[in-house]
2 protein chains.
Amino acid sequence: MTIKELAQELDMSTTTVSRVLTGQEKKYRISEKTAQRVREMASQLDFAPNLIARNLRLQRTNTIGLIIPDISNPFFANLARTVEEELRKRNKMVLLCDTKDDLTTEKESVELLLARKVDGLLVAPIGEKWEHLRKNVNVPLVLIDRYFENHNFPYVTTDNYYGAYEATSHLILKGHQNIACIQGLVHTSPNQSRIRGFQKALEDYGIDSTAASILGDDYSVENGYVSTKTLLQEEEIPTAIFALNNQIALGAMKAITEAGLQIPEDISLLSFDEQYYFELLSPPLSSVKQPMQAIGKTAVETLFELLDDKKATFHKLKPVLIERASVKNISKL
Amino acid sequence: MTIKELAQELDMSTTTVSRVLTGQEKKYRISEKTAQRVREMASQLDFAPNLIARNLRLQRTNTIGLIIPDISNPFFANLARTVEEELRKRNKMVLLCDTKDDLTTEKESVELLLARKVDGLLVAPIGEKWEHLRKNVNVPLVLIDRYFENHNFPYVTTDNYYGAYEATSHLILKGHQNIACIQGLVHTSPNQSRIRGFQKALEDYGIDSTAASILGDDYSVENGYVSTKTLLQEEEIPTAIFALNNQIALGAMKAITEAGLQIPEDISLLSFDEQYYFELLSPPLSSVKQPMQAIGKTAVETLFELLDDKKATFHKLKPVLIERASVKNISKL
DNA sequence: TAGTTTTGCACAATCGATTGTGCAATTTAA
DNA sequence: TTAAATTGCACAATCGATTGTGCAAAACTA
């Protein structure tokens with residue numbers, strides 16, 4: 001059923017039908033009687049305009065591309081949900097791309113989405129390169145979670161520096177001096193900020209930050225597991241581990257448990273990136289909670305500001321430390 | 001940059017350019033020399049055809065609509081990931097709709113996706129109604145996870161009956177007679193099949209299935225929590241709880257812990273729907289593991305069979321029981 | 001009544017690709 | 001050398017909407 005057929009059925013021009021159905025009958029002086037007839041027939045015949053044709057004509061698709069590294073990571077799944085919800089409110093849809101933290105896939109995704117003429121892009125980039133996010137990208141783009149230090153892409157992210165600083169301070173105040181940090185993808189901005197926050201806290205409390213072991217290389221459970229195994233084989237085992245995301249924390253937990261050690265009696269564990277089941281783990285896991293909903297919502301809002309030709313904005317949202325039972329107080333006081 | 005401009009640059013017709021770029025130069029006898037020139041210029045100018053225009057002309061969008069109830073549920077997040085990956089291999093993209101288990105949103109999503117002329121639909125429906133999945137739906141559709149007993153939509157799902165039967169048998173063999181079951185959305189097929197499997201197992205072992213308490217009404221953590229609270233207030237507390245999905249299980253766990261009870265000493269807990277962190281919970285949670293990857297992959301394969309005009313197929317994939325430490329053996333033997 | 005304004009709607013171009021068909025130019029066959 | 005076959009490419013229609021503009025008919029004004 002096309003608008004043409006509908007018009008024939010009504011014995012009028014497609015022009016008139018189109019104008020009524022797009023709510024422009026006033027503007028083009030279509031009589032109320034005619035408008036009525038059109039609307040009735042349209043709903044009677046279940047007419048829905050072909051959006052492909054409309055998109056071509058209007059040079060606008062009401063579609064946003066969402067590029068994330070891993071939808072099976074609950075952090076991004078939650079983000080995707082909020083984004084979808086916010087966009088739905090604004091009559092836009094989401095084209096989803098999961099890059100698996102692979103740069104080639106990310107580049108390819110950008111190209112595919114642009115060829116499909118999305119109205120805008122929301123990207124949680126791998127982080128190594130940014131050129132492909134600029135070149136030929138003629139639509140608004142907002143970075144989520146990760147951004148680039150030296151390039152002014154608008155972004156929405158957690159204040160990772162702050163979060164890591166708070167988390168590390170917390171550990172230190174509980175008496176920990178030998179703290180290991182297991183990181184995620186090294187070149188991503190959240191990782192770098194968290195590392196800086198970690199180191200700064202150590203320094204501020206007079207601990208030699210260069211001596212602290214920082215290991216690991218991606219955001220996987222596997223990495224948390226392997227890195228922790230390594231740590232546990234060192235001569236001097238750290239008294240606390242700071243895991244830079246939820247999956248690393250789980251891997252760490254598994255390794256510690258397998259080694260027959262107890263958290264927090266033998267070793268403390270603190271995670272960046274809260275999950276709702278953390279309170280049910282053994283022991284309940286302390287963590288830094290990112291404002292996930294706010295990130296998604298703000299990202300969409302920021303994108304819409306750009307779509308409305310407003311100025312780019314930049315957002316670092318504060319995370320919150322949630323104390324549970326995985327950090328032991330070993331201070332001598 | 002349009003194909004027309006590219007053609008002007010090359011001083012030839014758009015026809016020729018189009019034919020070369022779509023790999024039809026042989027078919028239309030374009031000389032290799034010309035083809036070369038076209039390809040070079042195209043890559044030099046970073047030309048990418050406008051897919052909206054192509055889609056309109058070809059009546060095909062290489063886009064699949066994925067409708068799921070809750071992307072923040074890791075079950076569906078994992079599913080989404082597999083689906084995206086499989087579709088990417090086949091040069092298709094995913095338009096994502098999260099219905100929040102709301103029927104109106106589901107109906108709306110179907111309409112929006114159809115208006116966008118998706119080539120096919122993958123749907124995990126709410127389950128109450130199915131008419132909107134048939135009416136005006138002129139593209140292949142495959143149901144995932146949930147299906148309709150009395151309507152022959154092709155589907156891919158876990159063998160929920162089998163899984164629940166096995167799980168319940170497991171509990172019974174461990175000596176449990178008073179087993180409570182906390183269900184999800186009552187009218188969804190997985191829920192119904194699981195309930196049937198649960199009841200059949202009870203009967204087969206000579207336990208009065210009508211006496212077993214079945215409570216709860218959706219797949220949320222909240223429901224697991226509230227329902228368990230209710231259970232724990234009964235005169236005779238069940239010796240085991242069978243939670244029909246991962247979120248319900250977490251809620252149950254929380255309620256049990258809060259009540260000061262121990263799993264499995266005071267009460268056993270078994271979950272349908274495995275998650276990778278279950279082994280790290282306190283205690284490690286036994287569960288029925290659904291073949292999530294296989295479901296996603298099979299769903300995409302099934303959809304492509306339909307796209308190739310092959311016959312609809314129906315799949316029930318076997319789940320596996322994973323024994324951990326949340327079920328106590330209380331048999332008197 | 002004639003001229004002007006307003007009302008109500010349709011014609012045809014346009015968005016950017018793809019493709020059936022036709023027509024020169026070149027090559028081959030006779 | 002001429003006719004037939006082949007090669008190489010372009011014209012113009014098409015997909016299904018939206019929209020600037022134009023033109024009758026109706027309503028109003030003088």
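Chain letters run A, B, ... following the sequence lines, proteins first, then strands; residues in each count from 1.
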J.: Pick the closest DNA chain D nucleotide for A:Lys27 and for A:Lys4 by heavy atoms, then say which residue is nearer the 5' end.
T.: A:Lys4
J.: Which residue is it: B:Leu96, B:Val83, B:Asn73, B:Leu122? I am looking for the one with a side-chain contact (heavy atoms from CB on, under 4.5 Å) to B:Ile68.
T.: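 It is B:Leu96; the other options fail the test.
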J.: In terms of side-chain heavy atoms, does B:Arg54 have a donor or acceptor partner in B:Thr22 at a distance below 3.5 Å?
T.: no
J.: Quiz question: by atom type and distance under 3.5 Å, do the side chains of A:Tyr219 and A:Thr188 form a donor-acceptor pair?
T.: yes
J.: At their closest point, which heavy atom of A:Thr61 faces which heavy atom of A:Lys117, and how far apart are they?
T.: OG1-O, 2.8 Å
J.: Ion pair present between A:Glu32 and A:Arg39, side-chain N to carboxylate O less than 4.0 angstrom?
T.: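 Judged by the 4.0 Å cut-off on N to carboxylate O distance, A:Glu32 and A:Arg39 do form a salt bridge.
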J.: So do B:Thr313 and B:Glu301 actually touch side chain to side chain, heavy atoms under 4.5 Å?
T.: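 They are not in contact (no side-chain heavy atoms under 4.5 Å apart), so the answer is no.
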J.: Taking all non-hydrogen atoms of both residues, which atom of B:Thr2 and which atom of B:Phe47 are closest, and how far apart?
T.: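 Nearest heavy atoms, B:Thr2 then B:Phe47: C-CE1, 3.5 Å.
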J.: Should the heavy atoms of other residues, nucleotides or ligands under 6.0 Å from NZ of B:Lys89 be counted, would the total exceed 12?
T.: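 Yes, the 6.0 Å shell around NZ holds more than 12 heavy atoms from other groups.
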J.: Taking five pairs at each end of the helix from C:dT1-D:dA30 to C:dA30-D:dT1, what angle separates the two helix axes (nearest 10°)?
T.: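 Here the helix ends are tilted 60° relative to one another.
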J.: Using a distance-only test with no angle check, is there a side-chain donor-acceptor pair under 3.5 angstrom linking A:Asn160 and A:Thr158?
T.: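 Side chains of A:Asn160 and A:Thr158: no pair found under 3.5 Å.
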J.: Taking heavy atoms of chain B and a 4.0 Å limit, find me the 5'-most and 3'-most nucleotide of DNA chain C within that range.
T.: C:dG16 to C:dT21
J.: We want to know whether B:Arg88 and A:Thr105 form a side-chain donor-acceptor pair, criterion being a heavy-atom distance below 3.5 angstrom.
T.: no
J.: Before accepting this row, confirm whether a basic side-chain N of the pair A:Arg60/A:Asp119 lies closer than 4.0 Å to the acidic partner's carboxylate O.
T.: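 Looking at A:Arg60 and A:Asp119, the cut-off is not met.
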J.: Tell me which residues in residues 109-121 of chain B put a heavy atom below 4.0 Å from DNA chain D, sorted by number, or none.
T.: none
J.: Are more than 12 heavy atoms from other residues, nucleotides or ligands located less than 6.0 Å from atom CD of A:Gln293?
T.: no
J.: Is B:Ile295 close to B:Thr157 at the side-chain level, that is, under 4.5 Å between some pair of heavy atoms?
T.: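 Side chain of B:Thr157 against side chain of B:Ile295, heavy atoms only: no contact under 4.5 Å found.
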J.: Quick check on contacts: within residues 6-26 of chain B, what sits under 4.0 Å from DNA chain D by heavy-atom distance?
T.: B:Met12, B:Ser13, B:Thr15, B:Thr16, B:Arg19
J.: Heavy atoms within less than 4.0 Å of DNA chain D: which residues of residues 47-64 of chain B have one? Give them sorted by number.
T.: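 B:Leu56, B:Arg57, B:Gln59, in order of number.
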J.: Let me have the donor-acceptor pairs involving side chains of residues 140-149 of chain B, under 3.5 Å, with sequence neighbours excluded, atom names and distances please.
T.:
residue: B:Arg146; atom: NH1; partner: B:Asp101; partner atom: OD1; Å: 3.2
residue: B:Arg146; atom: NH1; partner: B:Pro125; partner atom: O; Å: 2.9
residue: B:Tyr147; atom: OH; partner: B:Lys316; partner atom: NZ; Å: 3.3

J.: Between B:Arg90 and B:Glu86 (salt bridge meaning N to carboxylate O under 4.0 Å), is one present in this structure?
T.: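 Answer for the salt bridge query: yes.
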